[in-house]
Peer 1: 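Starting off with a structure, shown below.
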Amino acid sequence: MAELLFREDPYLRACEATVTAVHAGGVELDRTIFYPLGGGQAGDTGRIGDWRVANTVKGTSPDSVLHVVENLEGVKAGMKVPLELDWERRHRLMRFHTALHLLGAVVKAPVTGGRIAEDKAHLDFDVEMEKLAKDEIETRLNHLISSCYETRARWITDAELDARPELVKTMSVAPPRGEGRVRLVEIPGVDLQACGGTHVRNTGEIGRLAVTRIRSEGKRNKRVTLALA
Ligand SMILES: [Zn+2]
């Protein structure tokens, strides 16, 4: 189990950690700033000492994180190592993740899926195509961005979440259970949902967005794709 520093401070770009395990595909650390692929958000990249982290994924146990390193020569358990994120890339992922929460608030329909990459992000909605007007969505999104809402994260218990099922917005991305608590991300007055991802502090930090495409990906999947303008 690693201490997941990005949960309390997603702006931490560097820190020191100790290697706790070396596997064929990568290393585990006692603490990490690297977000592992999950909840639709891409895994982080960066450096651990001289080694290149090509991806980050969840390990086999809850809260364990595997830093994918191709050439592990010289890495040993017990080593103290400096960590450094590819910050520009991560910051784009944060901007997109918060943007998708805004998109979910603008489009009033059940979310069936979503994905955040460094150059684009999308949500899938269970809705008729006619209800998705590109220009209107883009205008309302950019209005929410330029209104500069603060974002904040807090924790509730599994039992509280069970009592408020509306907090699980994305049907295909259930929040992680079993820890006894679930993280909520709130954009006060705009959106509140269970989410383990990394977000910007203020919607103004997203910058101008463009709706680049609206396309049908199936009966219950109408995909709205965003790019940073
Ligand atoms: Zn989220």
Side-chain angles (χ1 to χ4, degrees), residues 4-12 32-44 56-58 62-63 65 85 89-127 137 140-141 144-145 147 149-158 160-162 164-179 181-207 209 211 221-228:
L4 307 180
L5 301 173
F6 53 82
R7 276 188 178 164
E8 301 309 323
D9 184 4
Y11 288 84
L12 207 54
T32 190
I33 49 178
F34 286 80
Y35 180 85
L37 168 72
Q41 184 177 329
D44 281 330
T56 307
V57 295
K58 285 179 179 153
D63 279 9
V65 173
L85 285 183
R89 176 179 181 278
R90 152 67 94 70
H91 190 233
R92 278 201 298 277
L93 295 172
M94 287 163 59
R95 290 158 72 199
F96 271 131
H97 200 143
T98 306
L100 286 191
H101 284 214
L102 296 179
L103 178 63
V106 164
V107 178
K108 308 269 184 237
V111 176
T112 50
R115 202 174 100 83
I116 300 148
E118 63 177 305
D119 58 340
K120 62 183 173 186
H122 72 249
L123 281 183
D124 292 335
F125 295 96
D126 184 2
V127 71
I137 293 170
R140 292 181 61 196
L141 270 179
L144 289 172
I145 290 166
S147 300
Y149 290 92
E150 298 284 330
T151 70
R152 53 185 182 224
R154 60 191 160 90
W155 295 87
I156 59 168
T157 63
D158 283 358
E160 285 172 274
L161 183 71
D162 290 336
R164 299 181 65 187
E166 74 279 6
L167 294 177
V168 181
K169 288 274 167 71
T170 309
M171 294 180 211
S172 63
V173 188
R177 293 299 188 100
E179 287 178 66
R181 61 177 197 164
V182 172
R183 190 166 174 270
L184 292 184
V185 171
E186 182 171 24
I187 306 170
V190 179
D191 185 62
L192 174 64
Q193 62 177 289
C195 176
T198 56
H199 288 269
V200 290
R201 291 188 190 106
N202 188 295
T203 61
E205 213 173 304
I206 298 168
L209 278 180
V211 174
N221 295 64
K222 303 299 182 286
R223 181 164 298 174
V224 179
T225 303
L226 306 177
L228 298 165

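When a ligand or atom number is given, it counts from 1 through the structure's own listing order.
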Peer 1: Kindly write out the residues that satisfy ring pair (Phe, Tyr, Trp, His ring centres under 6.0 Å) with Phe96, not counting sequence neighbours, or none if the list is empty.
Peer 2: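 Listed in chain order: nothing, the list is empty.
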
Peer 1: Please table the atom pairs, donor to acceptor, closer than 3.5 Å between any side-chain atom in residues 113-122 and protein atoms at least two apart or in another chain.
Peer 2:
unit_1	atom_1	unit_2	atom_2	d
Glu118	OE1	Arg92	NH2	2.8
His122	NE2	Arg223	NE	3.4

Peer 1: Go through the structure and list residues passing ring pair (Phe, Tyr, Trp, His ring centres under 6.0 Å) with Tyr149, not counting sequence neighbours.
Peer 2: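 Checked Tyr149 against ring pair (Phe, Tyr, Trp, His ring centres under 6.0 Å); zero matches.
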
Peer 1: In terms of relative ring orientation, are Phe6 and Tyr35 parallel, tilted or perpendicular, with 30° and 60° separating the classes?
Peer 2: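 Rings of Phe6 and Tyr35: perpendicular, as their planes differ by over 60°.
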
Peer 1: Search all heavy atoms of Ala109 against all heavy atoms of Val127 and return the closest pair with its distance.
Peer 2: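 Heavy-atom minimum between the residues: CB-CB, 3.7 Å.
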
Peer 1: Could you grab the protein N, O or S atoms closer than 2.8 Å to the Zn ion (ligand 1) for me?
Peer 2: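 Correct list: His97 NE2, His101 NE2, Cys195 SG.
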
Peer 1: Mind listing the closest non-hydrogen atom pair of Val200 and Thr151 along with its distance?
Peer 2: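 Looking at all heavy atoms of both residues, the closest pair is O-OG1, 2.6 Å.
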
